[in-house]
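Residue indices begin at 1 and follow the sequence shown. A quick note: this is a predicted structure, and the numbers were derived from the prediction, not measured.
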Amino acid sequence: MITNDESTSETAICVLIVDDDSWTTRAITLALDEAPEIGSLRTAHSGEQAIAEYIASRPDVTLMDLNMPPGMSGITAIEQIRLHDPTAHIVVLTTVSPGPGIARALEAGAIAVLRKTASENNLRSVVLAAARGEEPKLLKHLAQDIIISNDELPEAPAVAPRLTPAEREILLLIADGLGYENIAQSQGISVWTARTHVKRLREKLYADNLAQLVVRALQYRFISA
């Protein structure tokens, strides 16, 4: 367990880094330690430790590796953490070439995917964005990563719903990682209306979060490989 020694404000972000490779957790810790917005950095090296540490520290963001043999997988850890806290902001850690498990991790409730080889600036940017909640910008390249991973998509929860042309367009823009302001501008609508459209898409596609919208778009073939 690692804690930032610098004095922090009440709004300082707590981050939990979960990876069975201690070198990976150390490198990510060093990169995030430079961000003044981050006050506490915790580490865990198994799915079981991740759950215990999450319950103990309630981090604002959890960075979760998926493959941590021989114990609990990251996917199961995500599911268990979200049973304790359905609002948990969990970002999947993956390798340069995304491997299997991404789609299932997103189905379990992760909100984004981050490559372990990401630059320090990108790493900090993703963590800060995740701490603020779900943001469409976190979804950039997500559909492509799922396709590249060659991961079998989870079974879709129902028959594909009918979307209006406007909803289809907005779904594609979300999958492209455009923010709400950019979506509103491209569609000639207000940001509030853009958010309303996305809320309606989540309801129609049975998506708990924005990342699951991308999974559903692939499942229902609104986006093709």
Side-chain angles (χ1 to χ4, degrees), residues 61-62 64 66 74-75 78-79 81-83 85-92 94 97-115 122 125-126 128-225:
V61 179
T62 299
M64 180 73 71
L66 296 185
I75 295 170
I78 292 170
E79 294 172 340
I81 286 172
R82 280 177 51 80
L83 285 176
D85 180 11
T87 67
H89 296 158
I90 303 174
V91 176
V92 172
T94 186
S97 297
I102 292 177
R104 287 180 292 135
L106 297 172
E107 187 70 24
I111 65 171
V113 174
L114 177 69
R115 287 181 173 88
N122 190 30
S125 176
V126 168
L128 295 178
R132 292 191 292 268
E134 299 175 68
E135 292 197 11
K137 292 179 181 179
L138 290 172
L139 307 180
K140 192 172 181 64
H141 306 306
L142 183 56
Q144 181 182 5
D145 282 347
I146 294 172
I147 293 169
I148 291 173
S149 73
N150 200 29
D151 198 12
E152 182 177 351
L153 290 169
E155 185 177 349
V159 176
R162 299 182 66 178
L163 301 183
T164 66
E167 287 173 336
R168 281 177 173 264
E169 181 66 23
I170 289 174
L171 179 60
L172 294 177
L173 294 175
I174 285 286
D176 284 340
L178 269 69
Y180 287 113
E181 290 185 2
N182 297 115
I183 292 172
Q185 185 178 9
S186 69
Q187 299 299 297
I189 57 180
S190 68
V191 173
W192 183 87
T193 301
R195 289 181 178 273
T196 300
H197 276 302
V198 173
K199 181 176 182 293
R200 180 59 176 157
L201 279 169
R202 285 178 55 172
E203 293 170 352
K204 279 191 172 184
L205 298 178
Y206 313 99
D208 290 337
N209 56 42
L210 294 181
Q212 281 188 9
L213 273 182
V214 177
V215 176
R216 298 287 181 268
L218 290 167
Q219 288 171 321
Y220 295 132
R221 301 188 184 279
F222 292 121
I223 298 175
S224 58

Report task. Work out which heavy atom in I78 is nearest to a heavy atom in A105; give both atom names and the distance. Result -> CD1-CB, 4.0 Å
Query - Any residue meeting side chain to side chain contact (heavy atoms under 4.5 Å, CB included) with I189, in chain and number order, not counting sequence neighbours - result: I170, A184, Q187, T193, A194, H197
Query raised in the report: Got V91 and T62 here, is their nearest side-chain heavy-atom distance under 4.5 Å?
Result: no
Query - Nearest-0.5 Å distance, CH2 of residue W192 to OH of residue Y180 - result: 13.5 Å
Report summary line: dist S186:OG -> L173:CG (nearest 0.5 Å) comes out at 4.5 Å
Report task. Keeping the roles fixed (side chain from H89, backbone from V61), state whether a donor-acceptor pair exists under 3.5 Å. Result -> no
Report task. Can you see which heavy atom on L138 is nearest to which on A129, and at what distance? Result -> CD2-CB, 3.9 Å
Query - Pairwise side-chain contact, E79 with L83, heavy-atom cut-off 4.5 Å (strictly under) - result: no
Query raised in the report: To the nearest 0.5 Å, how far apart are CZ in F222 and CG in L205?
Result: 6.0 Å
Report task. For A175 and V214, work out which heavy atoms get closest and say how close. Result -> CA-CG2, 4.1 Å
Report task. Show your working on side chain to side chain contact (heavy atoms under 4.5 Å, CB included) between R82 and D208 and close with a plain yes or no. Result -> CA-CA 12 Å; R82 280 177 51 80; D208 290 337; 4.1 Å; yes
Requested in this report: Please examine the side chains of L218 and I147, heavy atoms only from C-beta on, and report whether any two atoms are closer than 4.5 Å.
Outcome: yes
Query raised in the report: Which pairs pass salt bridge (charged side-chain N to carboxylate O under 4.0 Å, His left out) with one or both residues in residues 162-184, sequence neighbours excluded?
Result: E167-K204
Query raised in the report: Looking only at atom types and distance, does a side-chain atom of R115 sit under 3.5 Å from a main-chain N or O of T94, one as donor and one as acceptor?
Result: no
Report summary line: Closest non-hydrogen atoms of G133 and I111, given as atom of the first, atom of the second and distance, are O-CD1, 4.5 Å
Query raised in the report: When you measure from the side chain of R202 to the backbone N and O of L213, does any donor-acceptor pair fall under 3.5 Å?
Result: no
Query - Separation of I183 CD1 from I174 CD1 (nearest 0.5 Å) - result: 3.5 Å
Query raised in the report: Would you say the side chain of L201 lies within less than 4.5 Å of the side chain of L163, judging by non-hydrogen atoms?
Result: yes
**Report entry** Check: E107 main-chain N/O paired with Q212 side-chain donor or acceptor under 3.5 Å
**Finding:** yes
Query raised in the report: Does A211 have any side chain to side chain contact (heavy atoms under 4.5 Å, CB included) partners at least two apart in sequence or in another chain, and if so, which?
Result: L106, L139, L142, N209
**Report entry** Chi angles and distances behind the side chain to side chain contact (heavy atoms under 4.5 Å, CB included) call for I146, V215
**Finding:** CA-CA 8 Å; I146 294 172; V215 176; 4.2 Å; yes
Query - side chain to side chain contact (heavy atoms under 4.5 Å, CB included) assessment of M64 paired with V92 - result: CA-CA 5 Å; M64 180 73 71; V92 172; 5.6 Å; no
